[in-house]
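In what follows, a single structure is set out as structure tokens and then discussed.
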There are 2 protein chains.
Amino acid sequence: MAEPAKRPLTLRDVSEASGVSEMTVSRVLRNRGDVSEATRQKVLEAAKSLGYVPNKIAGALASQRVNLVAVIIPSLSNMVFPEVLSAISDVLDDTPLQPVVGVTNYRKDREEKVLYEMLSWRPSGVIIAGIEHSDASKAMLRGAGIPVVEIMDTDGTPIDAAVGISHRRAGRMMAEAILKAGYRRIGFLGTKMPLDHRARKRFEGFTEALAKAGLEIADQEFYEGGSALGKGREMTETILKRSPDLDFLYYSNDMIGAGGLLYCLENGIDVPNDLGLAGFNGVELLQGLPRRLATMDSCREEIGRKAAEIVLARVEGDEAGPSGQNIELTPKIEHGDTLRKKPRDADYPE
Amino acid sequence: MAEPAKRPLTLRDVSEASGVSEMTVSRVLRNRGDVSEATRQKVLEAAKSLGYVPNKIAGALASQRVNLVAVIIPSLSNMVFPEVLSAISDVLDDTPLQPVVGVTNYRKDREEKVLYEMLSWRPSGVIIAGIEHSDASKAMLRGAGIPVVEIMDTDGTPIDAAVGISHRRAGRMMAEAILKAGYRRIGFLGTKMPLDHRARKRFEGFTEALAKAGLEIADQEFYEGGSALGKGREMTETILKRSPDLDFLYYSNDMIGAGGLLYCLENGIDVPNDLGLAGFNGVELLQGLPRRLATMDSCREEIGRKAAEIVLARVEGDEAGPSGQNIELTPKIEHGDTLRKKPRDADYPE
DNA sequence: GTGAAAGCGCTAACAT
DNA sequence: ATGTTAGCGCTTTCAC
């Protein structure tokens with residue numbers, strides 16, 4: 001029953017309460033070095049009854065070790081990132097390392113600030129979303145002298161190590177699957193992309209693959225903010241009214257794709273025959289929809305796990321581990337119910 | 001162009017590079033005290049060109065101030081908590097305080113551990129979800145000597161301050177609205193609740209209000225884990241097959257409610273006439289559904305904002321601010337398209 | 001198995 | 001406006 005403490009307790013308080021030197025108390029509390037079972041118990045008891053909570057600030061300063069891993073992501077409202085996070089947490093859970101999250105809102109200036117703040121706590125490693133950073137951010141990351149794992153995207157040169165997928169390739173793969181299924185008049189719906197590099201790269205890969213087949217995006221529509229499901233609905237209505245002859249809609253993420261799917265179903269559009277749909281990410285939400293939206297798994301779980309493992313390996317092995325790796329995972333297309341696997345008999349007889 | 005630093009830079013390095021004492025460098029970097037514009041520039045330049053990042057560990061130890069606010073929540077995958085978080089961040093954004101998030105997975109033992117870890121960094125305040133904690137957690141919170149704001153739930157006695165809604169009352173209010181609309185055979189669908197106190201309290205308030213009207217829950221169904229949308233769908237099918245005469249389904253959250261709604265629409269059930277539906281939380285996702293699910297706003301934005309403001313006020317005013325407050329917000333029922341406002345002409349002529 | 005001394009990188013409090 | 005001194009609460013290192 002600790003009284004409303006005025007001054008936080010210190011090792012010294014525990015030392016005095018237990019009649020053991022500060023040093024030995026410290027050893028007990030950290031399970032380090034040999035301590036007799038007798039003193040060990042005395043100390044533990046004293047610490048507990050006082051309600052002592054060690055001061056990690058002091059500990060970190062003295063030991064020059066901080067068991068934190070900075071995890072920097074663009075957003076928490078896009079479910080994709082919490083999922084990566086939870087994979088990271090799972091791996092780190094049985095280790096002394098602890099993730100600490102920073103959010104950038106997809107903004108370079110925020111990223112710089114968040115990074116600076118986090119590095120000033122001298123974490124043991126950094127896991128950061130994306131492979132595009134400002135020069136200042138890159139300089140900080142390089143200068144920090146700690147393992148840095150860039151995640152989600154491998155289209156670029158990592159500072160240290162990277163784990164992700166190639167979004168350019170993902171866009172290409174989806175375009176190829178769509179073409180193979182016989183769709184030809186393809187619309188694109190997505191976020192305004194100046195900020196989201198991965199969405200942009202998927203778009204680029206997508207158009208590139210279409211171009212190779214002599215095709216272009218037939219129409220497109222972009223959105224900003226707001227409820228993704230609602231936006232998907234609205235955008236789908238807009239683009240279909242403007243270009244009723246489209247036979248496929250590629251969405252830059254599953255949430256707007258889901259909104260589009262709901263719109264199509266309500267309006268009696270024959271999916272996937274008259275109109276095919278596909279999103280991106282493979283979010284769990286899709287399991288509950290009336291039809292399974294075609295999508296592409298973005299390997300979030302594995303990315304999080306691998307990233308954490310890399311940091312862990314580097315922190316444990318004092319020497320720099322395998323640096324400079326760029327691990328590209330391969331996303332799989334899920335056709336679901338909205339992307340047929342081959343052309344209808346009637347059309348595109350080629 | 002900082003070389004791959006071996007040893008992190010210190011104030012001393014900046015001091016030497018700029019020919020100014022460590023103390024003055026420190027003053028410049030913190031914008032504290034009077035420094036001539038000339039030296040100010042010299043220092044800033046030196047710091048920048050070296051790529052110096054201050055060591056907050058040392059700073060915090062020396063100043064006995066840590067501008068972190070521990071925010072402890074059950075989960076990141078339930079969108080409700082990221083929303084509270086983002087309200088907290090917004091308020092704290094223009095202040096020196098910074099939120100740091102810990103996740104408990106709805107488990108008391110995790111909460112204890114997370115709390116211990118966070119307190120060992122000596123944060124300036126704690127914002128913690130829920131008002132139910134283990135004795136050990138309560139002792140830690142009391143002993144920390146910092147402002148503690150318990151959020152989301154006001155049904156209980158706060159340790160220090162609380163901001164939230166009464167979930168018992170929320171459950172009652174929904175029951176009353178449902179009864180007023182003439183529904184009588186009411187089913188409940190929700191999470192297994194040993195862990196989620198707020199869901200439990202809503203359930204209790206709900207059944208209590210039914211009891212007052214001489215009614216009982218006609219059937220119920222519980223779930224664990226999995227995709228909420230999909231689960232809502234499955235549970236709805238199950239409960240309706242078992243009890244086809246139900247005329248209302250009350251879901252413990254909007255996601256399973258949304259799944260239920262989709263199921264009903266697909267199966268041609270007349271909502272809200274033959275069957276009414278309601279969820280809880282007022283999540284944005286609902287905006288994109290074919291019909292607006294009845295729900296109840298859980299005031300997440302305001303809760304986050306108020307909580308952050310309380311911590312802020314207490315940290316700024318050195319003296320303890322208004323302690324012991326228990327701010328109960330009032331959720332509003334949104335009838336949407338799935339809960340009619342009064343009985344059908346035909347039934348329940350009373 | 002235990003203790004004493006030194007110092008981690010910074011800032012408060014006092015000089016000047 | 002700038003510099004000096006003395007810690008902050010722990011851990012490292014070395015002694016016993």
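Just so we're on the same page: letters track the sequence lines, and every chain starts at 1. Remember, it's a predicted structure, so these values are computed and weren't measured experimentally.
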Would you mind reading off the distance between A:E22 atom CD and C:dA5 atom P, rounded to a whole angstrom? 12 Å
Rounded to whole angstrom units, what separation is found between the CG atom of B:D34 and the P atom of D:dG3? 14 Å
Return yes when atom CD of B:E328 has more than 12 non-hydrogen atoms of other residues, nucleotides or ligands closer than 6.0 Å, and no otherwise. yes
CZ of B:R32 versus P of D:dT2: gap in Å, rounded? 17 Å
Work out which heavy atom in A:E150 is nearest to a heavy atom in A:D160; give both atom names and the distance. OE1-N, 4.1 Å
Residue A:A62, side-chain atoms from C-beta onward, closest of D:dC10, C:dG3, C:dG9: D:dC10
Tell me whether the side-chain N/O atoms of A:T10 come closer than 4.0 Å to OP1 or OP2 in D:dG9. no
Does A:V53 offer a backbone N or O that forms a donor-acceptor pair with the side chain of B:S120 under 3.5 Å? no
Polar pair under 3.5 Å, donor/acceptor by atom type, side chain A:R27, base C:dG3: yes
Rounded interatomic separation in angstrom, taking CH2 from A:W121 and C1' from C:dG9: 13 Å
As a test of understanding, state which of A:E132, A:E111, A:R142, A:K113 forms a side chain to side chain contact (heavy atoms under 4.5 Å, CB included) with A:S137. A:E111
So what does A:R40 hit on the nucleic acid, given a heavy-atom distance under 4.0 Å: a base, only sugar-phosphate, or nothing? nothing
Do any side-chain nitrogens or oxygens of B:R65 fall under 4.0 Å of OP1 or OP2 in D:dC8? no
Take atom NZ of B:K56 and atom P of C:dT11, then tell me their distance rounded to the nearest Å. 11 Å
When B:M23 and B:A58 are each assigned the nearest nucleotide of DNA chain D, the 5'-most assignment goes to B:M23
Quick check for you: among D:dT2, D:dC8, C:dT2, whose closest atom lies nearest to any side-chain atom of B:L61? D:dC8
Taking 4.0 Å as the cut-off, does a side-chain nitrogen or oxygen of A:Q64 come that near to OP1 or OP2 on C:dG7? no
Taking OP1 and OP2 of D:dT12, is either one under 4.0 Å from a side-chain nitrogen or oxygen of A:R30? yes
Rounded distance in Å - CG (B:N31) to P (C:dT11): 12 Å
If you check every side-chain atom of B:L11, which of C:dG9, C:dC10, C:dT2 has the closest atom? C:dC10
Whole-Å distance, A:R12 CZ to C:dA5 C1', equals 13 Å
side-chain N/O B:S63 vs C:dT11 OP1/OP2, d < 4.0 Å: no
Between B:S21 and D:dG3, does any side-chain N or O lie under 4.0 Å from OP1 or OP2? yes
Value in whole Å for how far the P atom of D:dT11 lies from CD1 of B:I57: 13 Å
Pick base, sugar-phosphate or nothing for B:R122, based on heavy-atom distances below 4.0 Å to the nucleic acid. nothing
For B:S26 and C:dC10, is the shortest distance between a side-chain N/O and OP1 or OP2 below 4.0 Å? no
Tell me what A:N55 touches on the nucleic acid: a base, only sugar-phosphate, or nothing, going by heavy atoms under 4.0 Å. sugar-phosphate
A:E112/A:K108 ion pair, N-O < 4.0 Å: no
Does B:Y52 have a side-chain nitrogen or oxygen under 4.0 Å from the phosphate oxygens OP1 or OP2 of C:dC10? yes
Under-4.0 Å salt bridge between A:K56 and B:E117: yes
So, OP1 or OP2 of D:dA1: does either fall under 4.0 Å of a side-chain N or O from B:S36? no
